Structure formats: C-alpha cells, structure tokens
Amino acid sequence: MINLNVIQEILFLLPEVIEEQHLKLISFRVRKEVFATYNYEQSQVCLKLSPAEQRNFHSKHELSFYPVPNSWGRQGWTHIMLDIVEKQVLKEAIFSAYSANAPKELLEQIRPEDKE
C-alpha cells in the first residue's frame, strides 16, 4: 500500500512543492495553491486535476479514482484510494495535478526522467 513517505517522494520531485497542515489533512502546495491533500484516516489522496484529466483517470481507474462529491468534484478535485491504486498511476496523476496548477516557469524545470 502507498503511504505518506511514497507520496512525499513523488511530490518532492516537483519544484517548489511545500507541505503544510490543512485542517485535519496534510496539504501540498505550489506557490501557496493547494493541489493535493493526504488523508491518513481514509488512506486517500485528493488531487486538483483539470475536469478533463479527472474524467480520464476515473474512466481508466474507476475503482481507485472518483470525483469529490458536490461542486468541489466538478472543479476537478478527485479522491484516489491508496490501498488499490498503482504507484505509477498515482505518480502520473500527481504530475497532472501539478501541471494544472503550477506556473509555466516551474513546469519547464521538470526533467523528463522525473515524469517516468
């Protein structure tokens, strides 16, 4: 199962990602914008994907990816169940969320091998 250490390992490959407490969750931000949260109690990550990416991941991984209920989900916020998602799929989703929320100059700093 994927745990916080694995999530941090993936997220800290990305430029200017910081970790902060957010209510009862751990949030990950780029330039003050939250794009990922980790919920230990529910063993899930929540990512702010584009609505198109949310549909894409959900259609391919229906059991592990699902929209947050209500308007948050319509904005792209997506729950990912860590007990069933594959690490590589989670990494792809994290990079998609980061790409949808980070400034262009930070995206240019990501090396191709980081994405693999």
Side-chain angles (χ1 to χ4, degrees):
M1 184 168 90
I2 295 170
N3 61 26
L4 180 59
N5 291 335
V6 173
I7 294 163
Q8 290 167 324
E9 170 188 310
I10 297 167
L11 282 158
F12 293 142
L13 289 172
L14 303 167
E16 295 189 29
V17 169
I18 61 166
E19 180 179 323
E20 291 185 358
Q21 195 68 28
H22 179 73
L23 306 172
K24 294 182 179 181
L25 308 172
I26 297 172
S27 72
F28 297 91
R29 303 164 187 251
V30 59
R31 299 228 175 136
K32 299 183 183 181
E33 293 296 319
V34 176
F35 71 96
T37 61
Y38 171 70
N39 184 324
Y40 173 79
E41 291 176 359
Q42 296 181 1
S43 185
Q44 68 184 19
V45 164
C46 188
L47 296 177
K48 185 179 181 187
L49 298 168
S50 70
E53 285 291 328
Q54 179 190 67
R55 287 188 297 276
N56 181 42
F57 279 104
H58 178 67
S59 69
K60 292 179 180 176
H61 311 282
E62 194 172 290
L63 296 177
S64 52
F65 283 75
Y66 61 94
V68 171
N70 67 38
S71 63
W72 290 99
R74 289 189 297 275
Q75 294 173 36
W77 284 99
T78 307
H79 288 302
I80 300 149
M81 303 307 299
L82 297 175
D83 54 346
I84 56 177
V85 71
E86 295 174 18
K87 182 179 176 181
Q88 184 59 36
V89 173
L90 176 62
K91 187 174 182 178
E92 291 169 16
I94 288 172
F95 275 79
S96 291
Y98 181 83
S99 296
N101 294 282
K104 185 178 179 180
E105 68 266 16
L106 295 182
L107 297 177
E108 293 170 353
Q109 296 178 30
I110 300 173
R111 301 176 309 226
E113 63 269 14
D114 290 340
K115 296 179 186 178
E116 296 172 5

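Since the model is a prediction, treat every value here as computed from it, not as a measurement.
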Using the test side-chain contact (heavy atoms from CB on, under 4.5 Å), find all partners of Pro15 that sit at least two apart in sequence or belong to another chain.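 Scan of Pro15 (side-chain contact (heavy atoms from CB on, under 4.5 Å), adjacent residues dropped) gives Tyr98, Leu106, Gln109, Ile110.
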What's the shortest heavy-atom distance between [X] and [Y], and which atoms?
X      : Y     : answer
Ile7   : Ile2  : CG1-CG2, 4.0 Å
Ala100 : Ser50 : CB-N, 4.3 Å
Ile94  : Leu47 : N-CD1, 3.7 Å

Salt bridge (charged side-chain N to carboxylate O under 4.0 Å, His left out) partners for Glu19, two or more places apart: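 Counting only residues at least two positions away or on another chain, Glu19 forms no salt bridge (charged side-chain N to carboxylate O under 4.0 Å, His left out).
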Sequence neighbours left out, what passes salt bridge (charged side-chain N to carboxylate O under 4.0 Å, His left out) with Glu86? Give chain and number order. none
How long is the gap from [atom1] on [X] to [atom2] on [Y], to the nearest 0.5 Å?
X     : Y     : atom1 : atom2 : answer
Ser43 : Asn3  : OG    : CG    : 9.0 Å
Leu49 : Phe65 : CG    : CZ    : 7.5 Å
Leu4  : Tyr38 : CG    : OH    : 5.5 Å

Is there a path of hydrophobic side-chain contacts, each under 4.5 Å between heavy atoms of I, L, V, M, F, W or Y residues, that connects [X] with [Y]?
X     : Y      : result
Ile18 : Leu107 : no
Leu25 : Tyr66  : no
Ile26 : Val68  : no

How far apart are the C-alpha atoms of Cys46 and Asn39, what are their side-chain angles, what is the distance that settles it, and do they pass the side-chain contact (heavy atoms from CB on, under 4.5 Å) test? CA-CA 8 Å; Cys46 188; Asn39 184 324; over 6 Å; no
Test side-chain contact (heavy atoms from CB on, under 4.5 Å) applied to Phe28 and Thr37, step by step: CA-CA 6 Å; Phe28 297 91; Thr37 61; over 6 Å; no
Check: Lys60 and Asn56 side chains under 4.5 Å, non-hydrogen atoms: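 Yes, side chains in contact.
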Are Phe57 and Ser96 side-chain neighbours, meaning at least one heavy-atom pair lies under 4.5 Å? yes
Strictly below 4.0 Å, N to O, side chains only: are Glu9 and Lys87 in salt-bridge contact? yes
Would you say that more than 12 heavy atoms from the other residues, nucleotides or ligands in this model lie under 6.0 Å from the CZ of Phe12, or not?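 Buried by this count: over 12 neighbours within 6.0 Å.
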List the steps, then state whether side-chain contact (heavy atoms from CB on, under 4.5 Å) holds for Arg29 with Val17. CA-CA 5 Å; Arg29 303 164 187 251; Val17 169; over 6 Å; no
Sequence neighbours excluded - salt bridge (Lys or Arg N to Asp or Glu O under 4.0 Å) pairs with any residue from residues 31-54: Glu16-Arg31, Arg31-Glu105
Show which side-chain atoms of residues 72-85 pair as donor or acceptor with protein atoms under 3.5 Å away, not counting sequence neighbours.
| unit_1 | atom_1 | unit_2 | atom_2 | d |
| --- | --- | --- | --- | --- |
| Thr78 | OG1 | Gln54 | NE2 | 3.1 |
| Thr78 | OG1 | Gly76 | O | 2.8 |
| His79 | ND1 | Gln44 | NE2 | 3.0 |

Using the ring pair (Phe, Tyr, Trp, His ring centres under 6.0 Å) criterion, which residues pair with His58? Sequence neighbours excluded. none
